[in-house]
Amino acid sequence: MFSRAIVRRPAKSLVNGLTSANLGKPDYENALIQHEGYINALIRCGLEVTILDALEDFPDSTFVEDVALLTPHCAIVTNPGAASRNGENAFIKPALEKFYQQIEIIKSPGTVEAGDIMMVGSHFYIGLSERTNKSGAEQMIALLKKHGLTGSIVNLKEFLHLKTGINYLENNNMLASGEFLTKSEFQQFNLTEIDTDEAYAANSLWINNKVLTPKGFPKTRQKIESLGYEIIEVDVSEFEKLDGGLSCLSLRF
Ligand code: GLY
């Protein structure tokens, strides 16, 4: 169970964020409204939410999940692989110091964005992507080991981040799309296939036995409901325009 979350307000520069989505530029005012709705959903899940100020120099900085991995034993500040995001990491450490005594750092030439990391109990699956490289993943595994946790590498080709296409809902339930449906390491889980036309909703987010799903993906919603979860639907369409999903918008711990 989680008790806290950290989010970062969207910057006005959000409109210049990285994207491959072809959905147009996000509307800043609407993004602020949707961000508030997202915070309210976290509060409904019982989380105390720390809201960090916007960082205008970093258009993608509202996707705060990427700059740290928070575990029950330690926090690990990452080193984002996207050039325009490298530097966001320096601004997360002061916020983490309020909550963590043990803070580790991923160092260059290693790069990691924590959207590439999926926690399953005390094990962490780490995607090798355009943002997370082998050196970064190996540093991450060594740091996890130092704190009594384990990690393993997953190769990916189709998705921006690991959790763009696969997410753990606890109780052995996992949502998977595309290439992740057939990967051997995930066959031990109860895999729920997310249809290609709803692939964005594979990034649904378990928090304290509720599941946040993005608004507008009815087939996925029904599949998750049939697993027995209470759903909280959240409109994050402005963030979808930047390839950002529900998990990307917060750090939960
Ligand atoms: N726009 C989110 C990212 O590319 O990191």
Side-chain angles (χ1 to χ4, degrees), residues 5-35 38-39 52-70 76-92 95 106 108 110-118 125-133 136-137 140 154 156-167 177-180 199-205 212 214-216 234-252:
I6 296 174
V7 301
R8 187 178 288 289
R9 293 268 188 223
K12 289 196 181 79
S13 58
L14 177 83
V15 297
N16 299 319
L18 297 169
T19 186
S20 63
N22 258 329
L23 294 172
K25 277 193 186 293
D27 178 281
Y28 169 67
E29 296 299 333
N30 201 33
L32 286 183
I33 292 166
Q34 292 187 353
H35 197 253
Y38 178 80
I39 291 168
L52 304 179
D53 292 338
L55 291 176
E56 285 301 336
D57 289 344
F58 296 98
D60 287 293
S61 53
T62 195
F63 301 117
V64 72
E65 174 181 63
D66 289 317
V67 295
L69 180 71
L70 303 188
I76 302 174
V77 176
T78 67
N79 189 29
S84 67
R85 302 200 61 183
N86 201 276
E88 287 175 29
N89 38 329
F91 292 89
I92 196 66
I106 299 292
S108 295
T111 65
V112 173
E113 294 186 6
D116 276 318
I117 306 183
M118 177 171 65
Y125 292 95
I126 304 169
L128 278 194
S129 69
E130 287 185 8
R131 305 289 183 86
T132 296
N133 66 19
M140 185 60 77
V154 181
L156 62 120
K157 294 192 189 101
E158 292 171 16
F159 293 99
L160 170 64
H161 288 131
L162 181 77
K163 283 188 294 192
T164 312
I166 188 161
N167 283 273
S177 186
E179 64 189 306
F180 298 122
Y200 178 71
N203 188 267
S204 289
L205 181 59
L212 273 55
K215 188 175 168 206
V234 189
D235 191 353
V236 282
S237 59
E238 300 301 340
F239 302 100
E240 182 184 5
K241 292 174 184 172
L242 296 177
D243 300 324
L246 285 162
S247 74
C248 314
L249 287 167
S250 64
L251 289 158
R252 289 89 38 207

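Computed from a prediction, not measured in an experiment: that's the story for all the values here. We count ligands from 1, going down the list as the structure has it; atoms in each ligand are counted the same way.
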Let me see the working for Asp243 and Leu18 under side-chain contact (heavy atoms from CB on, under 4.5 Å), right down to the final yes or no.
CA-CA 8 Å; Asp243 300 324; Leu18 297 169; over 6 Å; no
With side-chain contact (heavy atoms from CB on, under 4.5 Å) as the test, would you mind laying out the steps for Phe180 and Glu158 before giving the verdict?
CA-CA 9 Å; Phe180 298 122; Glu158 292 171 16; over 6 Å; no
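In summary, the side chains of Ser129 and Arg131 do not present any donor paired with an acceptor at a separation below 3.5 Å, with no hydrogens or angles considered.
Inter-residue side-chain proximity for Ile76 and Ile106 is flagged as met; some heavy-atom pair is nearer than 4.5 Å. In this structure the side chain of Leu162 never reaches within 4.5 angstrom of the side chain of Ile126, judged on heavy atoms.
Shown in contact with Phe63 at under 4.0 Å from a heavy atom are these atoms of ligand 1, numbered in order with element: 1 (N), 2 (C). When each atom of ligand 1 is checked for a heavy atom of Arg85 under 4.0 Å away, the hits are 3 (C), 5 (O). Interface of Leu242 with ligand 1, defined as ligand atoms under 4.0 Å from a residue heavy atom, comprises 1 (N), 2 (C).
Below 3.5 Å of separation, one finds an N or O of Leu18 facing an N or O of ligand 1.
No part of Asp243 comes within 4.0 Å of ligand 1, judged by heavy-atom distances.
Protein heavy atom at the shortest distance from atom 4 (O) of ligand 1 is Arg131 NH2, 2.8 Å.
Within the structure, ligand 1 has Asp60 among the residues with a heavy atom less than 4.0 angstrom away.
Residues Glu65 and Lys163 are paired through a salt bridge, judged by an N-O separation under 4.0 Å between the basic side chain and the carboxylate.
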